[in-house]
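Take a look at the structure set out below.
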Number of protein chains: 2
Amino acid sequence: MNQKIFVSAKEVADRAGVSRSAVSRTFTPGASVSEETRRRVMEAAEALGYHVNHLARGLMRNESGLVCLIVSEMDTPYRASLIRAISRQLQNVSKIAMLINTDRSDKSVDDALRLAISYRADASIILSGMPDKSISDLCVKSGQRLVLINRDEEREGALMINLHDREAARRAFIAFQRAGCRRLAFANSDVGTPSLMAREEGFVSAAQAAGFEVAVERFGSTRYQSGVVLAQRLLTREVRPDAIFCANDLLACGVMDTARHQFRLEIPNDLCVVGFDDIEQASWSSYELTTFAQPVDRIAEEAVSWLAKPLYDAGLSCKLSAELNWRGSVRGG
Amino acid sequence: MNQKIFVSAKEVADRAGVSRSAVSRTFTPGASVSEETRRRVMEAAEALGYHVNHLARGLMRNESGLVCLIVSEMDTPYRASLIRAISRQLQNVSKIAMLINTDRSDKSVDDALRLAISYRADASIILSGMPDKSISDLCVKSGQRLVLINRDEEREGALMINLHDREAARRAFIAFQRAGCRRLAFANSDVGTPSLMAREEGFVSAAQAAGFEVAVERFGSTRYQSGVVLAQRLLTREVRPDAIFCANDLLACGVMDTARHQFRLEIPNDLCVVGFDDIEQASWSSYELTTFAQPVDRIAEEAVSWLAKPLYDAGLSCKLSAELNWRGSVRGG
DNA sequence: TTGTATGCGTTATCAG
DNA sequence: CTGATAACGCATACAA
């Protein structure tokens, strides 16, 4: 690594003919500096290209301004929009997002959290996976905030933001029922995330309570290609479903495309489909997918405003509702 | 902000019965520590939950390990996948991505770059917008690396990664020609990014050289909805195009959906479409879009490997090719 | 190999 | 309001 030569407060002080403290105060909101001193400092800073060293400031203040975002498959539409919403909100409160990729393994989440500790991040926000309790406890004990989004498991001292998945699933069933569907199915991935399982269980139990059986298939990840496979499995069953609730929109897109192009089915006439997330593609005219909207802005807001709070109640839980967006993939509406 | 209490090297040293330097050396690869000392230090560190403070380390070493990613509309498929590729590669070389959202204004890019300087980022990678020369010069002068991706403008000392846009556009024309298309059109946004304009100019000039006129429309952003509008304008022209080259895939999706559902056109029989980026949706069976693939992994690799190089040649330029992915949206192939 | 002393760029404390 | 001085947590030159 080549040498970096940033200009320091001392250099600014020398040029302005004041003490280093004066420079520091000039860049500390609310500190008392005379107008004249501030002017001379600013002038020197401008000329030299001085910028406060946030590393050193963080060291002193014990507050880095860094917030760690821990996430896998971040190129997925829902994840990407959530990351965007969060990072924007963080910028509004003068914090900055550090992005860490994880893979399927929970070990990579542990490593990410260790990294967050190393950088003295003010908080970590976990969008994927679940860290080991020992390491998440260490975070909390060290005074680092922890936010878990759609991770149902409990963690002491963390803010947990979840959706009413079961309730949404119940409404999906009602939507199908109103559309006159009788042969229900649920298309799930086999990753088994609590929130995905809650959608499945909520749907199945609501249907059963009304005397309906549900054909359930689980396969692969929560991406488009898995939807293709799931549709192939479901639509070749002896009793072909006339309604499929998909664990998320990406699966739903794969299901719809396969139903149309491979099985020549018309949506919603032959088959009704409901998804979850309300990614941008859901509104595209090839899909017009009826789906539950993840309140990404709301989620980001809840997370960031909690981080900004000076005191906080440990073990807070925040339950949000997912609104159903009616579009053309279900009859009636 | 509540108090953070991380364990320091001194505490580890006390518990292990060694000096603080011994602890430091234990966590510095390549430093000379006896096996016995290292063992005791590691044991104490483990028990106490010690993690090296990267803020302090960065202050000493003059190398933060932070790399700033400056990007707008990061929830867009191409951007999201590029961010993912870059952040993964960074992690491989023990660096970490800081994410900064910008909006349309170049001022927000300047602000982002200032933030990068404040955090003493080892490098900044700009995916959107263009900073003022004075501020980008300050970065370079300060020893911070600068990478510009698909930003044609020149910056002293920066690595510029670009695609052969004009060449790709020429191949798009050839593809249409082979498919027997005669009424060519280009669908562009009106943001006027150099790389987008290069695609337009390359396409138009290649067509003109062969004696074809091109209907050009420019509107809005590079997103789906703009594609809808562009299709409406192009397909209601007196001579209806039978081939549309779109500045990117998102526009192409909007164009295709509109052509099909609003104008009842068959693709590729009535209309051939070519896009740019090769986002995931391009391969979905509703689109089967023939498109140029942005080599995201390659771009990320070039950027990150340059950052890892100890010495570097100023003003490096890297030109990459975009491969054409043939799918069903163009006849023949 | 080990410990001591010094400095990295800040901010906070305190005396003036 | 201002300037000197002491931390913050770490890495390293130096002496042992």
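In what follows, chains carry the letters A, B, and so on, assigned in the order in which the sequence lines appear, proteins first and then strands, with residues in each chain numbered from 1.
One finds a salt bridge joining A:Arg104 and A:Glu73 here, because a Lys/Arg side-chain nitrogen approaches an Asp/Glu carboxylate oxygen to under 4.0 Å. The pair A:Arg114-A:Asp110 fails the salt-bridge criterion, with no side-chain N (NZ, NE, NH1 or NH2) lying under 4.0 Å from an Asp/Glu carboxylate O. Electrostatic pairing of A:Asp75 and B:Arg79 does not count as a salt bridge here, judged by no charged N lying under 4.0 Å from a carboxylate O. Salt-bridge formation is not detected for the pair A:Asp137/A:Lys141: no Lys NZ or Arg NE/NH1/NH2 atom is positioned less than 4.0 Å from an Asp or Glu carboxylate oxygen. A salt bridge does not link B:Glu36 to B:Arg38: none of the charged nitrogens lies less than 4.0 Å from a carboxylate oxygen.
Under 4.0 angstrom from either OP1 or OP2 of C:dT11 there lies at least one side-chain N or O belonging to A:Arg57. Of the side-chain N and O atoms in B:Tyr119, none sit less than 4.0 angstrom from OP1 or OP2 of C:dG9.
Backbone-only contact: A:Ser8 has heavy atoms under 4.0 Å from sugar-phosphate atoms and none from a base. B:His54 comes within 4.0 angstrom of no nucleic acid atom, judged by non-hydrogen atoms across all strands.
With hydrogens and angles ignored, the 3.5 Å screen pairs no side-chain donor or acceptor of B:Arg25 with any backbone N or O of B:Arg20.
Scanning residues 29-36 of chain A for heavy-atom distances under 4.0 Å to DNA chain D yields A:Ser32, A:Val33, A:Ser34.
Closest approach to the B:Tyr50 side chain among C:dT11, D:dG9, D:dC10 is made by D:dC10 (side chain taken as heavy atoms from C-beta onward).
In this structure, B:Lys10 atom NZ and D:dA11 atom P are separated by 16 Å, rounded to whole Å. What separates CD1 of A:Ile5 from C1' of C:dG9 is a distance of 16 Å, to the nearest Å. In this structure, B:Ile117 atom CD1 and C:dG9 atom P are separated by 15 Å, rounded to whole Å. Between B:Met60 atom CE and C:dG7 atom P there is a gap of 11 Å when expressed in whole angstrom units. Across the protein-nucleic acid pair, A:Leu55 atom CG and C:dT11 atom P stand 12 Å apart, rounded to whole Å. Look at CZ on A:Phe27: it is 15 Å from P on C:dA12, rounded to the nearest Å. A straight line from CZ of A:Arg61 to P of D:dA6 spans 22 Å, rounded to a whole angstrom. Atoms CG (B:Asn53) and P (C:dC8) sit 18 Å apart, rounded to a whole Å.
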Tabulate protein N/O versus nucleotide N/O from nucleotides 3-6 of chain C, keeping only pairs under 3.5 Å, one per line.
| residue | atom | partner | partner atom | Å |
| --- | --- | --- | --- | --- |
| C:dG3 | OP2 | B:Ser19 | N | 3.2 |
| C:dG3 | OP2 | B:Ser19 | OG | 3.1 |
| C:dG3 | N7 | B:Arg25 | NH2 | 2.7 |
| C:dG3 | O6 | B:Arg25 | NH1 | 3.4 |
| C:dT4 | O4 | B:Ser21 | OG | 3.3 |

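Looking at A:Leu66 and A:Asp122, their side chains never come closer than 4.5 Å, going by heavy atoms from C-beta outward.
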Kindly indicate, with the supporting measurements, whether the criterion side chain to side chain contact (heavy atoms under 4.5 Å, CB included) is fulfilled by B:Asn150 and B:Ile161.
CA-CA 6 Å; B:Asn150 280 339; B:Ile161 303 180; over 6 Å; no
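Between A:Tyr50 and A:Phe27, the distance separating the two ring centers is shorter than 6.0 angstrom.
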